[in-house]
Every structure is written in structure tokens, then in C-alpha cells.
2 protein chains.
Amino acid sequence: MVTINDIAKEAGVAKSTVSRYLNNGSVSADTRRKIDKIIEKTGYTPNNFARSLKAQKTNMIGVMIPRLNSASTNEVLEGIDEMTRKLGYQLIITNSDQNNEREFENIQTLAKQKVEGVIMFARELTPEHIDTVKKTGTPFLFIGQKAEGIHSIIHQDYQAGAKIGTYAIELGHRHFLYVGVPEKDRAVGVERRQGFLDAVRPVNGSTVEKIESDFSRTSAYQKALAFLPKTEATYIVCATDNIAVAVLKAAKDLGYSIPEDFSLSGFGGYEATAYVSPTITTVSYPYREMGLEAVKKLVRLIGKEEVPNISEMGNELVINQSTAYFDKI
Amino acid sequence: MVTINDIAKEAGVAKSTVSRYLNNGSVSADTRRKIDKIIEKTGYTPNNFARSLKAQKTNMIGVMIPRLNSASTNEVLEGIDEMTRKLGYQLIITNSDQNNEREFENIQTLAKQKVEGVIMFARELTPEHIDTVKKTGTPFLFIGQKAEGIHSIIHQDYQAGAKIGTYAIELGHRHFLYVGVPEKDRAVGVERRQGFLDAVRPVNGSTVEKIESDFSRTSAYQKALAFLPKTEATYIVCATDNIAVAVLKAAKDLGYSIPEDFSLSGFGGYEATAYVSPTITTVSYPYREMGLEAVKKLVRLIGKEEVPNISEMGNELVINQSTAYFDKI
DNA sequence: TTGTATGCGTTATCAG
DNA sequence: CTGATAACGCATACAA
């Protein structure tokens, strides 16, 4: 490996001169040219570890994601990737496989790697999470969930739920089936649902049946297969677009027509909702922008700037073919 | 930050003793207990940079992916993630946004980070790619494409194409539409298609029309919308499952029935093919296993072991509802 | 502008 | 088993 020392020797200068060349640049035109050429020739590149060791600074940002095959996660990641690049940081991505133990591990691993800050896609948040995070002393930013005393950036899930509820009521529906996810995920499992319920429940004669799935399509498909034949509902609210796609599939396999037999909607605004038939009504979330914002916010955090504890991203109702007026009496 | 020195001082021993404690372990039970306690108390964790600097070894593996929102890529990544974890390596993932310049950059960035090896998801391979890679001197493994003088692990794309071709002929089809991708991606754009053509062309009276899309659903959808009304084909071969999903959508929007008006198939075995109606016939690829294999192979490479230049992964025809016998005369 | 010397946190070598 | 010391590659304070 070629080091700053080799360069210095070959150029006949002190290594501090080479170092200066590399950093400030207070070097005479002559030596500059010499060093230029030698670096070119040898293909020298500075050793980041030595640098980090010295500077006590790594220029790295860590990202923790719960799983790799999530459409929403990946869109946020695109935004994160873009902004970290723009701001000159290097990204380290760790995957925790939706497993708490591995999340704890990863929090510590990243801290050990001396990343300057961490963006964590939060799912289920336990006190132990909060604890582990706080112990690291590293700036942390949660995405998707809020927690006492930790900065976060979240979706307006309650409002999203309310949008769907209001819309469905306007269409004339009164009987709903809500396909939810576990409450451990507060944002999706609780907030989103509560927004919907609060919009729908006050309406005279409305009913809501609930079933619970997990985030996988297979689970949602199975549940729907079993439950659709029994339900009184005319409108099916799915807690995510993935679930909606799976429920749509189950409905078709059971011989139902959407939206004739059931109206159906999801949350998220995934591309998939536009490539099934009928296309699925949903609430679209600004995932990419969220990623951009997250990095900006984290970097301010790293720089000890004052930043609001919680930032919220908006969202937008997207009406597609899977929902229709309810006009049978 | 608490260092080995602090520990040593507090324990009243030399820092080399602490270091030994941390590594080999040749320490008296007494000092061991003392150090144990202090480390526990202070929450000391070794500084990886100092370690790497000393050891000239980073324990990191770099991964270069062309984009974050690809189903196949992410499945391979899951495998890679699993195996790197198992083997005790840390992962650095970089995204190049399907952009050659950024690929060159990333190759060098990773080399600078002194990763011990790199797994690169190859798309289009130019001489400059090969060149840049070779200059780094870092062990490289290509996934998905092969290149002279660089180790790689690839799919049997030719065989996959042939499987679809043979199957379609058996169904009685003779007129085909092939929705392909640019040839710059040799594996998908050339090999896969060639396997199909070689299986189909020898058959009497067979015809193949070709159109080209890119890897995005939007592009495929638009092309299909324009081309389906004009085609003579009874079977549409799509170069990827994503394309197939988009073409299916276009066909439906145009009022066609699948498989009555057209049979349709893709490649890849993505989950999406199972959650549209009809489900789409495809060739399923062992993505996750590929990730596992890739890491194993790279690690052998890092260890200077002898490994075959090219490894191939098999694949499997998955017959679904989108294909049917052609029996109209 | 340039060079000397020192230290970042760790490991390895070699005496004791 | 333990301790002193050098070295990894780089940046910087300070002197020249």
C-alpha cells in the first residue's frame, strides 16, 4: 500500500507537506506539480482509517432498516442515499430482519463503527430500544415512529386514516372491514386505524369489523380468503397497499368483483397499486422526500443545531378504480 | 471517548495487558476480573479505526447495486446480508442509480474504504468498468454478468429463455412477441432472448416480433399499449416479471383477456406474479441462494483460495394462469 | 512555504 | 503473566 510517506520520499519533501497538499493546499506551485505527478503515477489514495482515527470523525451515516424487500423502505432509502451523497457522507446500511434482538445489536454495531449519526426505520419501539439508543450517545433519528426524547420524522398516519374514512363515507358506505396490522407498530397499527375509526364511527349506522394480518402478502391473502365470505362490509380498508393487493387477489379468486361487490383501498401509494386491475385507491406518502428530509435533519442534529423534535410529512388521497359509490339499498 | 488507556489506568495495569485481555486472553484471573468490571462500568468499546489501521484489515465487504427498488436485487441482498453476518463481516452498500459514472466512483470509493472485497451487481459492462475494477487490486465478484478475467456468479439466462421457448411451442404457439430490454445488459438483453429464439426459431412456421422496453413498468406499459393492437402474436414473452406485470395491465386496459387472447410470461419469479390475476407464468431464479453463494465465493477469493471463475445458478419454470394452449386454427 | 515532532487508539514484539 | 515501546497512516502545532 502506498502511503503519504512514500509520496513524500519520492518527491523529496516532508510528509507534512504532502499532507498539506492533500488538505489546505498551502504548497508552492513547484512542489505541487511534483506531488501531483507522483500521486497520479502511484494511484495513491489516503487511508480513511488513519484519517478517521486522527480526526475522530468518520463521515459516515448509519441506516437501520427492518427488511430489505419493502417498497416503502426502499423509496425512503433512495432519498436518503441521494442526500447523503450530496452532503458528502458515506452510508452504512444494516438490516435487522424485523427482529428486535438484531436491532439492539445493530444500534451498537453502528455506534462502534463511530458513525456520526443514525437513521433508524422504527417499527415496534420498546423501552429497551429507547434505552439502547440513548446509551450510545450517537445522534439518532427515528423514521416512522415517534418516541419520548428522540428526534423523529413521521407520517401523518392519523390524518391519512381519516382521509380514507371521510372519503368512504362520502361514497355512501356504512359497513366496513378493516384489515389491520399488529398494534406494536403504533403508527401503522394504531394511528392509521384510529384516524379511520374516528372519521367513520360518528356516522349513523356505521359498523366496522376488524381482522389482523401482518405486513406480508401471504398472510393477508389467507386471512382475506377466510373472512371475505362472512363479512357484511361493502368497503374494505387495508392498512397497507401490500395488504390491499393481496386482498384484491383473494377477492378475485373467490369470484367477487371489485368495486362492484366490495370497494377496497390501501395506504402507501406503492407502484403496485397502479399495475393491478382494478387500480387501487390509496393514500400516497412522500417517501423519497422523507428520505431527503431525514438526512438534512440528522445532519443538523450532528452539527448540534436546534431542530424540532418531531417533523411530519403530509400525504394525499389517490382515488383509483377499486372504490365506488354504494347505491344498493 | 473511553479508550484502552483509560481502562488500563483505572485497573492499574499497562494498556498492553488490556489489549491482550481483549484479544488472546492470556491474563490472570485477577486482572481479568478487574478489567471486566471497568469495561462494564465505562461501556468501553474498541475503536475500529485504530484497529483497522493497525491490522490493515477492515472486515468490511462492499456491495454495489444499480438501484434500490428492485425486487430481484433485494432478494439477493437478503442472502448477502445473511451470509456476511454469519461470516462476521460488515456490509457497506452503495447505490449507483443505474449510472456508469457513479459506478466508477463507487468502485473507487469502496476501494478507498479498504473493504476487503466487493460484490457488484453488474448491468452494462464496459471496458472502463473492467479497467477500473482491475486497477483497485481489490477482490471483486460480479453478480449477473460475466467478464474476462473477473470472477462472477451468474444465472443460466440462456437456459431460462430456452425453457420458456420450449414450453410455448409445446402449448402450440407459433407467433410470438418478445418484449426485451437493451442489449447493453448482456445477460438479460441478449442471453435470455437468444435462448428463447434458439428454442423457437427452428420450429416450422414460427415468427417472432420484437420490441424493446427498459426495466421500468411505465416504459413497458406504454410500449405494450401501442403495440398489442398491431401484433400477430398469440404469446407474449416478457424479459422480466416487471415488464410482464405492466404488459398484463396494458392488455387488460385494452380489453384483452389473458390467456384467451394472448398467453404471457415473464422471468424472475417475483412475488408480484402471484398477486395479479391471472397469475403469471415465469422462470423463477434462486436470488437468495445467489446472495449466499456470492459471499461464500468472495470470502474464498479474499482468502486467496482457488475458485472457479464462473459459477452458474439454475432456475425453474413456474407455470401459472397466464399461459394456455393455442387451439384456434 | 516547509520540516520536525507528536499523538490519535490499537496491536505486536520483546524483555522482564 | 505483565509492561514498555514501536508502529500503523495521517494531521497539525510549532519552529524554522
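Chain letters run A, B, ... following the sequence lines, proteins first and then strands; every chain starts at 1. For clarity, every value in this text was computed on a predicted model and none was experimentally measured.
In this structure, A/K114 places its NZ atom 8 Å from P of C/dT10, rounding to the nearest Å. Put simply, CZ on A/R32 is 9 Å from P on C/dT1, counting in whole angstrom units. If you measure from atom NZ of B/K57 to atom P of C/dA12, you get 12 Å, rounded to the nearest angstrom. As rounded to whole Å, 15 Å separates atom C1' of C/dT10 from atom CD1 of B/I35. With rounding to whole Å, B/Y21 atom OH is found 20 Å from C/dG9 atom P. In this structure, B/L53 atom CG and C/dT11 atom P are separated by 11 Å, rounded to whole Å.
Remark: A/E293 engages A/K296 in a salt bridge, criterion side-chain N to carboxylate O under 4.0 Å. Ion pairing between A/D81 and B/R102 holds under the 4.0 Å rule for side-chain N and carboxylate O. One finds a salt bridge joining A/R288 and A/E78 here, because a Lys/Arg side-chain nitrogen approaches an Asp/Glu carboxylate oxygen to under 4.0 Å.
Between B/G12 and B/Q56, the residue anchored closer to the 5' end of DNA chain D is B/G12, taking for each the nucleotide with the nearest heavy atom.
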Considering only nitrogen or oxygen atoms on both sides, find all protein atoms under 3.5 Å from nucleotides 10-12 of chain D and state each distance.
unit_1	atom_1	unit_2	atom_2	d
D/dC10	OP1	A/Y44	OH	2.5
D/dC10	OP1	A/N47	N	3.0
D/dC10	OP2	A/I4	N	2.5
D/dC10	N4	A/K15	NZ	2.8
D/dA11	OP1	A/R51	NE	2.5
D/dA11	OP1	A/R51	NH2	3.3
D/dA11	OP2	A/S19	OG	3.3
D/dA11	OP2	A/N23	ND2	3.4

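A/S52 comes within 4.0 angstrom of nothing in the nucleic acid, heavy atoms only.
Remark: B/I80 CD1 to B/E75 CD distance equals 12.0 Å, nearest 0.5 Å. One finds the OG1 atom of B/T58 at 10.5 Å from the CZ atom of B/F49 (value rounded to the nearest 0.5 Å).
With hydrogens and angles disregarded, a donor-acceptor distance shorter than 3.5 Å links the side chain of A/T136 to the backbone of A/V133.
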